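Working notes, beginning with the structure itself.
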Amino acid sequence: MLTIPAMTFREWTGPLTADLVREPVKFGLGQIPSLLKPDAVTKAVCGFCSTGCGLNIHLKDGAAINLTPDPDYPVNLGTACPKGWEALSVLDAPDRARMPLLHGKEVDWDTALRYFCDQMKRILDQHGPEAAAFLSTGQIMFEEMAFLGALAKFGMGMIHGDGNTRQCMATAVTAYKESFGFDAPPFTYADFEESDVLVFIGANPCIAHPIMWQRVLRNKKQPEIIVVDPRTTETAMAATQHYAIKPKSDLTLLYGLAHLLIRDGGVDQSFVEAHTNGFDAFAAFLAAFTPERVSAESGISIERLLHFAKTIRDGKAVSFWWTMGVNQGHQATRTAQAIINLALMTGNIGKPGTGANSITGQCNAMGSRLFSNTTNLLGGHDFRNAAHREKIAAATGIPVERIPDRPSLAYDQIIQAADAGTVKAIWFVATNPSHSWIDQNEMNRILDKLEFLVVQDMYCTTETAKRAHLVLPAAGWGEKEGCFINSERRIGYSPKVRRAPGQSLADFHIFRLIAHYWGCEEMFREWQTPEAVFRVLQRCSEGQPCEITGIEGYEMIRMEGGVQWPATMTNDEWRMTNERRLFEDGKFFTEDQRAKFCFDEPVVPPEQRSAEFPLILMTGRGTSAQWHTETRTGKSAVLAKMVPEELMLDLNPEDAAKLGVRDGQRVRVISKRAELTVLTRLTGCVKPGEVYLPMHDARVNQLTHASFDPLSRQPSYKHSAVRLEATK
Ligand SMILES: Nc1nc2c(c(=O)[nH]1)N[C@H]1C(S)=C(S)[C@@H](COP(=O)(O)OP(=O)(O)OC[C@H]3O[C@@H](n4cnc5c(=O)[nH]c(N)nc54)[C@H](O)[C@@H]3O)O[C@H]1N2
Ligand SMILES: Nc1nc2c(c(=O)[nH]1)N[C@H]1C(S)=C(S)[C@@H](COP(=O)(O)OP(=O)(O)OC[C@H]3O[C@@H](n4cnc5c(=O)[nH]c(N)nc54)[C@H](O)[C@@H]3O)O[C@H]1N2
Ligand code: SF4
Ligand SMILES: [Mo]
């Protein structure tokens with residue numbers, strides 16, 4: 001077993017905390033408030049979703065007072081969704097965490113940090129490097145994520161750390177790595193405009209990525225828009241074809257389409273031969289996916305299956321897009337790869353308007369995938385590879401013996417280890433799992449067993465913060481600087497335009513302080529500012545598909561409207577255009593540069609309907625006006641007006657009639673794990689036998705059944721069995 005040498009505890013030596021709290025607002029690079037015109041505008045990238053819209057921040061008398069979408073930013077081209085417009089207002093909420101809280105009582109930073117280091121050291125010393133873990137996020141800047149991952153693993157000596165990206169993107173990562181040789185979403189947003197067929201699978205961009213949807217609406221080719229979703233979503237209503245499949249029958253459907261493409265001459269033989277491996281075995285495997293079988297298992301008629309396959313066959317530029325309806329599933333990785341297989345076999349990759357494209361979720365999900373030092377070693381490297389460890393040691397100046405030689409346990413395995421008592425401390429940064437994790441009551445039971453639970457958050461009232469022994473108050477978006485990487489691999493910059501309330505500090509500074517108190521700040525002497533860390537990460541990225549060594553610094557990112565990876569020093573071609581896709585040369589990141597067909601026999605979801613629980617509950621986003629656990633968006637009066645006050649369950653009128661339930665009636669939704677009371681909304685948007693709840697209400701995950709994709713270990717949030725009972 002790897003043992004990481006302990007560091008010596010360092011006594012507090014200076015006025016660092018006070019200096020950090022007083023750190024000036026900069027508005028952007030080198031822009032000191034007194035030097036700005038009173039009506040100045042500075043630019044930022046939005047800190048909610050992965051679209052990564054550019055926003056203009058308007059300043060008056062040195063204060064950020066308003067924001068508008070940036071008409072010149074290549075992502076959003078002058079539009080923004082309601083959350084983006086409200087990004088400043090949610091910073092003023094009264095429940096912002098202003099001081100560290102130890103067992104619910106306000107303490108100063110010195111006390112909080114001593115306590116943090118004492119407890120973590122005691123646990124690691126007594127029980128070994130596996131006894132404490134961190135769980136981070138796709139929502140802080142990627143310089144901060146890298147700092148957290150490096151500090152916890154190299155500095156403090158932890159082995160285990162994962163992120164909420166496990167709940168979200170793990171499937172896409174696993175799928176791309178095996179199929180393409182690297183976690184590499186190939187698209188650029190211009191592809192939305194250049195396709196003549198767009199296929200959305202398990203994605204509802206009208207609600208979850210409204211500004212990406214605006215890009216679809218700019219498509220001048222009158223494209224076919226195909227939606228595969230059990231529900232008639234806002235996106236399905238705007239589509240030209242909607243396939244309302246049985247929940248979790250995507251894998252069979254996708255294999256059925258591949259079967260028809262082979263049968264009816266839809267394969268791009270020359271592409272397959274030149275650039276892929278494993279097609280013959282895949283074709284043989286597909287023989288069993290006859291239209292009859294696929295129709296029976298997916299609920300789509302044979303005639304409509306043929307039409308779907310023909311639309312792909314006839315398309316000149318077909319793009320495939322997927323999100324959580326695919327990533328969250330019991331066989332999610334193979335489903336994502338079945339989408340990749342369709343793009344490969346039809347040669348729809350590396351050309352304008354094509355691609356097997358996983359849309360990310362959080363503002364910095366892509367940054368987390370590559371630079372959080374959780375599953376991957378910094379820059380998409382492998383902890384198990386000695387040469388990679390040497391390379392990262394050289395790039396960071398951190399002694400190689402401090403780099404663990406194996407990746408972390410996955411999120412659910414860390415929680416299981418906490419239940420078993422081997423993990424005794426967890427440090428949560430910018431995530432709220434007491435609300436968002438699957439089978440929530442079980443999660444909370446386990447969290448309550450921890451010896452030491454730390455939450456680092458902007459708000460002290462989150463469901464997880466309320467259970468914490470120690471809350472570290474964090475600055476939020478707009479109150480600190482750094483970069484996010486959006487869905488199309490674009491690195492965007494966000495400045496500090498406001499001072500954070502009370503004593504709260506940028507996560508970046510909290511990590512610096514912890515390094516100091518822990519006694520490992522020497523290891524991070526170069527990590528003084530986010531931009532300095534950016535330079536360290538550039539060195540870590542060298543030679544990787546996600547190389548960013550060519551970026552001259554933050555100023556360049558701001559001036560260029562963001563820069564997509566790769567951006568290498570050795571090749572200048574990327575400077576020619578601001579919209580780039582991968583694989584234009586047909587070369588993938590595998591050893592022989594060929595993409596791989598990956599497939600498996602479909603299996604049924606672990607929790608099935610039964611006489612006792614006859615309905616399938618799906619969950620997901622409910623509105624473009626709310627964000628996840630509502631810690632931020634729930635504080636905006638404007639956004640609150642855009643959503644129903646009570647939790648509403650979408651229910652088909654046929655089921656309602658059987659149960660004798662009216663529209664707007666209060667009913668109990670009951671699963672094997674819990675029950676809750678909701679209002680019904682009768683709608684044909686869900687099929688009989690299926691119901692839907694938005695994830696934003698804190699109680700919804702009490703109902704969900706904890707199953708996971710075995711390859712990505714991503715939770716399957718969208719398939720649980722429930723029944724309804726009318727309340728008296
Ligand atoms: N307003 C808003 N926007 C957001 C977020 C937010 O909280 N609020 N969150 C962001 C994040 S982190 C993410 S990951 C993205 C998520 O973005 P999306 O994945 O688009 O959103 P979801 O609503 O979770 O799921 C998409 C669809 O999957 C469908 N689905 C359920 N089961 C199945 C199935 O078996 N097969 C198929 N094909 N579809 C199925 C659901 O009906 C749903 O319409 O949104 C991002 N954007
Ligand atoms: N039933 C169901 N559950 C789901 C899903 C689903 O579809 N259905 N989707 C899953 C998905 S895709 C996701 S991504 C997860 C999201 O789940 P979470 O990550 O738990 O949700 P958020 O509400 O985004 O939590 C982010 C937290 O970070 C805090 N925060 C924001 N900015 C900062 C910052 O700069 N610094 C610090 N320190 N804190 C900050 C916020 O206040 C908030 O408490 O939910 C998952 N849960
Ligand atoms: S679409 Fe996403 S990035 Fe754009 S304004 Fe809305 S939340 Fe922000
Ligand atoms: Mo997500």
Side-chain angles (χ1 to χ4, degrees), residues 45-53 55 69 75-76 79-85 87 137-141 144 164-165 167-169 200-205 207-212 214 227-231 233-236 243 245-250 253 322-329 335 359-363 365 428-438 455-459 462-465 472-477 479-480 486 506-507 510 605 618-633 686 692-696 700-701 703-704 715 717-719:
V45 172
C46 176
F48 284 106
C49 92
S50 63
T51 308
C53 296
L55 303 172
V75 165
N76 50 317
T79 52
C81 88
K83 296 182 297 301
W85 285 96
T137 186
Q139 281 175 70
I140 57 177
M141 275 86 184
E144 296 183 318
N164 65 2
T165 18
Q167 287 154 274
C168 183
M169 300 318 309
F200 290 93
I201 305 159
N204 188 11
I207 291 295
H209 297 96
I211 302 306
M212 289 192 204
Q214 294 292 317
V227 168
V228 179
D229 194 310
R231 298 188 303 136
T233 59
E234 296 76 357
T235 314
Y243 297 92
I245 56 168
K246 292 184 186 166
K248 295 290 155 239
S249 65
D250 306 67
L253 172 79
W322 82 85
T323 321
M324 290 309 119
V326 169
N327 282 359
Q328 298 170 346
T335 309
I359 302 174
T360 55
Q362 304 166 84
C363 51
F428 289 99
V429 179
T431 183
N432 184 15
S434 283
H435 174 148
S436 63
W437 190 253
I438 201 159
V455 169
Q456 184 167 318
D457 204 286
M458 290 168 66
Y459 302 94
T462 74
E463 289 80 7
T464 320
L472 300 176
W477 173 90
E479 297 167 343
K480 57 182 177 177
N486 80 353
D507 296 288
I510 299 177
M618 295 176 285
T619 63
R621 277 74 202 154
T623 159
S624 63
Q626 287 302 325
W627 181 256
H628 295 158
T629 74
E630 298 189 335
T631 63
R632 285 190 278 171
T633 47
V686 289
Y692 186 80
L693 281 175
M695 64 161 299
H696 311 297
V700 168
N701 273 317
L703 298 169
T704 46
Y717 284 107
K718 293 185 172 13
H719 202 277

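Bear in mind the structure is a predicted one, so any value in this text is a computation, not a measurement. Atoms within each ligand, like the ligands themselves, are counted from 1 in listed order.
- When hydrogens are left out, the protein atom nearest atom 8 (N) of ligand 1 is Gln626 O, 2.6 Å; that is the closest non-hydrogen contact.
- Using a 4.0 Å cut-off to heavy atoms of Pro247, the atoms of ligand 1 that qualify are 35 (O).
- The protein atom (non-hydrogen) at minimum distance from atom 2 (C) of ligand 2 is Tyr717 CD2, 3.3 Å.
- Only side-chain heavy atoms of Ile140 come within less than 4.0 Å of ligand 2; its backbone N, CA, C and O stay farther off.
- Note: no N/O pair closer than 3.5 Å links Trp627 and ligand 1 by distance alone.
- Listed by number with element, the atoms of ligand 1 under 4.0 angstrom from any heavy atom of Ser624 are 1 (N).
- Within ligand 1, counting atoms from 1 as listed, the ones closer than 4.0 Å to a heavy atom of Tyr692 are 23 (O).
- The heavy atom nearest to atom 32 (N) of ligand 2, considering only Met458, Gln139, Met169, is found in Met458.
- Protein atoms of type N/O/S that fall under 2.8 Å from atom 6 (Fe) of ligand 3 number 1 in this view.
- For a threshold of 3.5 Å applied to N or O pairs, the pair formed by Pro205 and ligand 1 contains no separation below that value.
- Remark: ligand 1 and Val228 share an N or O pair separated by less than 3.5 Å (distance only, no angle test).
- Partners of Glu463 by side-chain contact (heavy atoms from CB on, under 4.5 Å), not counting sequence neighbours, listed by chain and number: Asn432, Ser434, His435, Ala698.
- Comparing Asp229, Leu253, Thr633 by heavy-atom distance to atom 43 (C) of ligand 1, the nearest is Asp229.
- Applying the 4.0 Å criterion to heavy atoms of Thr623 picks out, from ligand 1, the atoms 1 (N), 2 (C).
- Within ligand 1, counting atoms from 1 as listed, the ones closer than 4.0 Å to a heavy atom of Gln362 are 12 (S).
- Across Pro82, Pro605, Gly325, Gly620, heavy-atom proximity to atom 30 (N) of ligand 1 is greatest for Gly325.
- When the side-chain contact (heavy atoms from CB on, under 4.5 Å) test is applied to Ile207, the partners found at least two apart in sequence or on another chain are Asn204, Glu234, Arg621.
- Remark: among candidates Asn432, Asp457, Thr360, the nearest residue to atom 44 (O) of ligand 2 is Asp457, based on non-hydrogen atoms.
- Shown here are the side chain to side chain donor-acceptor pair (under 3.5 Å) partners of Trp627, two or more places apart in sequence or in another chain: Gln139.
- When only non-hydrogen protein atoms are considered, atom 11 (C) of ligand 1 lies nearest to Gly361 CA, 3.3 Å.
- Across the listed options Pro473, Pro433, Ala430, Ala430 owns the non-hydrogen atom lying nearest to atom 40 (C) of ligand 2.
- Contacts with ligand 2 closer than 4.0 Å are made by side-chain heavy atoms of Thr631 only, the backbone lying farther away.
- One N or O on the side chain of Tyr692 and one on the backbone of Gly620 form a donor-acceptor pair closer than 3.5 Å.
- Regarding atom 35 (O) of ligand 1, its nearest protein heavy-atom neighbour is Lys248 N, 2.7 Å.
- Listed by atom number, the atoms of ligand 1 under 4.0 Å from Thr233 heavy atoms are 44 (O).
- Considering Glu479, Met141, Gln328, Arg621 only, the shortest heavy-atom separation from atom 13 (C) of ligand 2 involves Arg621.
- Looking at Thr704 next to ligand 2, no N or O pair under 3.5 Å apart turns up.
- At a heavy-atom cutoff of 4.0 Å, ligand 2 is contacted by both the backbone and the side chain of Ser436.
- Closest protein heavy atom to atom 19 (O) of ligand 2: Asn164 ND2, 2.7 Å.
- Counting protein heavy atoms only, atom 3 (N) of ligand 1 is closest to Ala208 O, 3.3 Å.
- For Met695, every heavy-atom contact with ligand 2 shorter than 4.0 Å involves the side chain, none the backbone.
- Nearest to atom 36 (N) of ligand 1 by heavy atom, out of Thr629, Ile201, Asp250, Asn204, is Asp250.
- Atom numbering of ligand 1 starts at 1 in the shown order; those under 4.0 Å from a heavy atom of Ile207 are 1 (N), 3 (N).
- When heavy-atom distances to ligand 2 are checked against a 4.0 Å cut-off, Ala475 comes that close only through its backbone atoms N, CA, C and O.
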